[in-house]
Amino acid sequence: MPELPEVENTVRILRPKVVGKEIVEVEALDPKLGHVPQNLTLPARVLELLRKGKYIIFDLGERKLVLHLRMSGHLFWTHSLSEISKHTRLILRFSEGTLLFIDPRRLGTAEVVEEFSEPLGPDALGDLSFLDEALLKSRAPIKLWLLDQRNIAGLGNIYASEALFLAGIDPRRPASSLKKREVAKLKDAIHRVLREALEAMGTTLEDKAYRTPEGESGDYEPKVYGREGLPCLRCGTPIERIELGGRGTYFCPRCQR
DNA sequence: TCATCCCTGTGG
DNA sequence: CCACAGGGATGA
């Protein structure tokens, strides 16, 4: 579900609710997450709430609680215990409210660590000038290169496809084959897609899955992702779906070369 | 650099 | 029933 825009909005909405506040009780409803309450000392004050790539980090001083929503996770802020559904995996109780980690597919993760140390590339919302040189070093298809969080952090299956559409680049092209001018367009496209999605509060496919912590769905409408067979919004050619690295990949065969 | 796996749910 | 799903770790 969540890529950079969804995670960033989640963090922005939660910050005023949890920063400076104390976690007073933690409960794991999924045995896979049983280590979380064990490894936390309560109460624990949240000094900062951070996003690194698609990770959400609760800075608790000596320790950090690191969440990753993976495919189907989301966080939900509530005051009512009746909101606890069967997909709730972790409950963080604050005096001011309760944060639920909901995750139907149970692929999401929660770790308690002393230092965050995932090998992430530069943030996709930040300065992208490193792409000029970095792309030259890889012959991987550009879309797979963009999905590898060690190269650039934050893009996922939707926005990688969307950025390549905006930039007019075929997702199968080797990263090193992009011309300077194309890399420039790609940098611009990545920022444009992410900023638009951020403003729209992310993407909620088929009116399900992704929600902000306050239950809102996202309004971003992908231009190619999930639109196999439908006309390209720019030229009318049917959008194609192929597989790259085992993931569905959508593009316009005419606009993207 | 691939396939496979981790999980569960939904839709055709 | 099968295909597919917004992510990522792992092992060949």
Side-chain angles (χ1 to χ4, degrees), chain A residues 1-11 28-34 51-56 66-75 85-90 101-111 113 116-121 124 137-165 171-176 190 193-194 196-198 200-212 216-229 239-251:
Chain A
M1 154 190 50
E3 305 182 30
L4 186 151
E6 290 80 16
V7 178
E8 178 65 21
N9 274 319
T10 293
V11 163
L29 301 186
D30 184 336
K32 281 172 87 179
L33 303 181
R51 176 187 65 77
K52 302 245 185 218
K54 302 174 198 171
Y55 289 86
I56 298 171
V66 181
L67 304 185
H68 197 300
L69 305 175
R70 294 287 182 100
M71 296 286 268
S72 62
H74 74 274
L75 298 181
S85 66
K86 73 166 178 175
H87 294 136
T88 303
R89 308 298 174 196
L90 193 66
F101 181 9
I102 298 165
D103 185 14
R105 285 178 71 182
R106 301 174 63 214
L107 296 172
T109 59
E111 297 295 332
V113 298
F116 178 79
S117 65
E118 296 299 323
L120 296 178
K137 295 178 191 155
S138 171
R139 296 167 321 184
I142 181 62
K143 192 225 177 193
L144 290 187
W145 193 93
L146 293 173
L147 284 181
D148 189 333
Q149 304 297 300
R150 294 169 300 186
N151 295 329
I152 176 170
L155 292 174
N157 212 27
I158 294 179
Y159 301 119
S161 280
E162 295 298 301
L164 288 168
F165 171 72
R172 297 165 290 193
R173 294 260 308 276
S176 55
I190 290 171
V193 165
L194 294 180
E196 269 185 45
L198 260 174
M201 301 301 284
T203 304
T204 298
L205 295 175
E206 296 160 16
D207 196 34
K208 58 174 194 221
Y210 174 69
R211 294 287 129 107
T212 71
E216 308 283 322
S217 51
D219 293 328
Y220 186 82
E221 297 202 11
K223 294 181 168 58
V224 289
Y225 186 88
R227 299 192 64 249
E228 181 183 18
I239 299 300
E240 284 184 18
R241 178 188 184 280
I242 58 172
E243 287 224 344
L244 278 180
R247 319 279 312 268
T249 300
Y250 300 84
F251 69 106

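Note on naming: letters A, B, ... go to the chains in the order of the sequence lines (proteins, then strands), and numbering restarts at 1 for each one. Values reported hereafter were calculated over all heavy atoms of this structure, with side chains retained and with hydrogens, waters and symmetry mates removed.
Using a 4.5 Å cut-off on side-chain heavy atoms (C-beta onward), A:Phe251 and A:Leu164 make no contact.
Relative to the side chain of A:Arg105, the nucleotides C:dA9, C:dA5, B:dG9 differ in distance, and C:dA5 lies closest. In the set C:dA5, B:dT1, C:dG8, the nucleotide with an atom closest to the side chain of A:Ala140 is B:dT1. Distance from the side chain of A:Lys86 is smallest to B:dG9 among C:dA5, B:dG9, C:dG8. The side chain of A:His87 sits closest to B:dG9 out of C:dA5, B:dT1, B:dG9. Comparing C:dA9, C:dC4, B:dT8 by their nearest atom to the side chain of A:Glu118 picks out C:dA9.
A:Tyr159 and A:Glu6 share a donor-acceptor pair across their side chains, judged by distance under 3.5 Å alone.
Distance noted for atom C1' between C:dC4 and B:dC7: 14 Å (whole Å). If you take atom P in B:dC5 and the same atom in C:dC2, they sit 16 Å apart, rounded to whole Å. Here, C:dA3 and B:dA3 have their P atoms 16 Å apart, quoted to the whole Å.
Distance CZ (A:Phe101) to C1' (B:dC7): 13 Å, rounded to an integer number of Å. Rounded to an integer number of Å, the gap from A:Arg172 CZ to B:dC2 C1' is 18 Å. In this structure, the CG atom of A:Leu29 is 17 Å from the P atom of B:dC7, given to the nearest Å. Rounded to whole Å, atom C1' of C:dA5 lies 10 Å from atom CD1 of A:Ile158. Taking atom CZ of A:Arg106 as the reference point, atom C1' of B:dG9 lies 13 Å away to the nearest angstrom. Rounded to whole angstrom, the span from the NZ atom of A:Lys54 across to the P atom of C:dA9 amounts to 10 Å. What separates CD of A:Glu243 from P of B:dT1 is a distance of 19 Å, to the nearest Å. Separating the CG atom of A:Leu144 from the P atom of C:dG8 is a distance of 13 Å, rounded to the nearest angstrom.
Just one of A:Leu4, A:Ile190, A:Asp148 meets the side chain to side chain contact (heavy atoms under 4.5 Å, CB included) condition when paired with A:Leu155; it is A:Ile190. The side chain to side chain contact (heavy atoms under 4.5 Å, CB included) with A:Ser72 is formed by just one residue from the set A:Leu107, A:Ile102, A:Asp103; it is A:Asp103.
Residue A:His68 places none of its side-chain N or O atoms closer than 4.0 Å to OP1 or OP2 of C:dG7. The side chain of A:Tyr210 places no N or O atom within less than 4.0 Å of a non-bridging phosphate oxygen (OP1 or OP2) of C:dG7. In terms of phosphate contacts, A:Gln149 brings a side-chain nitrogen or oxygen within less than 4.0 Å of OP1 or OP2 of C:dG8.
If you check every strand for non-hydrogen atoms under 4.0 Å, A:Tyr220 touches nothing. Here A:Arg89 lies out of heavy-atom contact (under 4.0 Å) with every strand.
For a distance-only test at 3.5 Å, the side chain of A:Arg247 fails to qualify as a donor-acceptor partner of the base of C:dA5.
Residues satisfying the side-chain hydrogen bond (donor to acceptor under 3.5 Å, both in side chains) test with A:Glu221, not counting sequence neighbours, are none.
Secondary structure note: stems in DNA chain C built from 3 or more consecutive Watson-Crick or G-U wobble pairs under 3.5 Å occupy B:1-6 with C:7-12, B:8-12 with C:1-5.
Residues A:Asp30 and A:Lys32 are not paired through a salt bridge, judged by the lack of any N-O separation under 4.0 Å between the basic side chain and the carboxylate.
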* **side-chain contact (heavy atoms from CB on, under 4.5 Å) assessment of A:Thr204 paired with A:Arg211** => CA-CA 7 Å; A:Thr204 298; A:Arg211 294 287 129 107; 3.8 Å; yes
* For the pair A:Leu69 and A:Leu75, evaluate side-chain contact (heavy atoms from CB on, under 4.5 Å) and give the outcome as yes or no after the intermediate values. => CA-CA 8 Å; A:Leu69 305 175; A:Leu75 298 181; 4.2 Å; yes
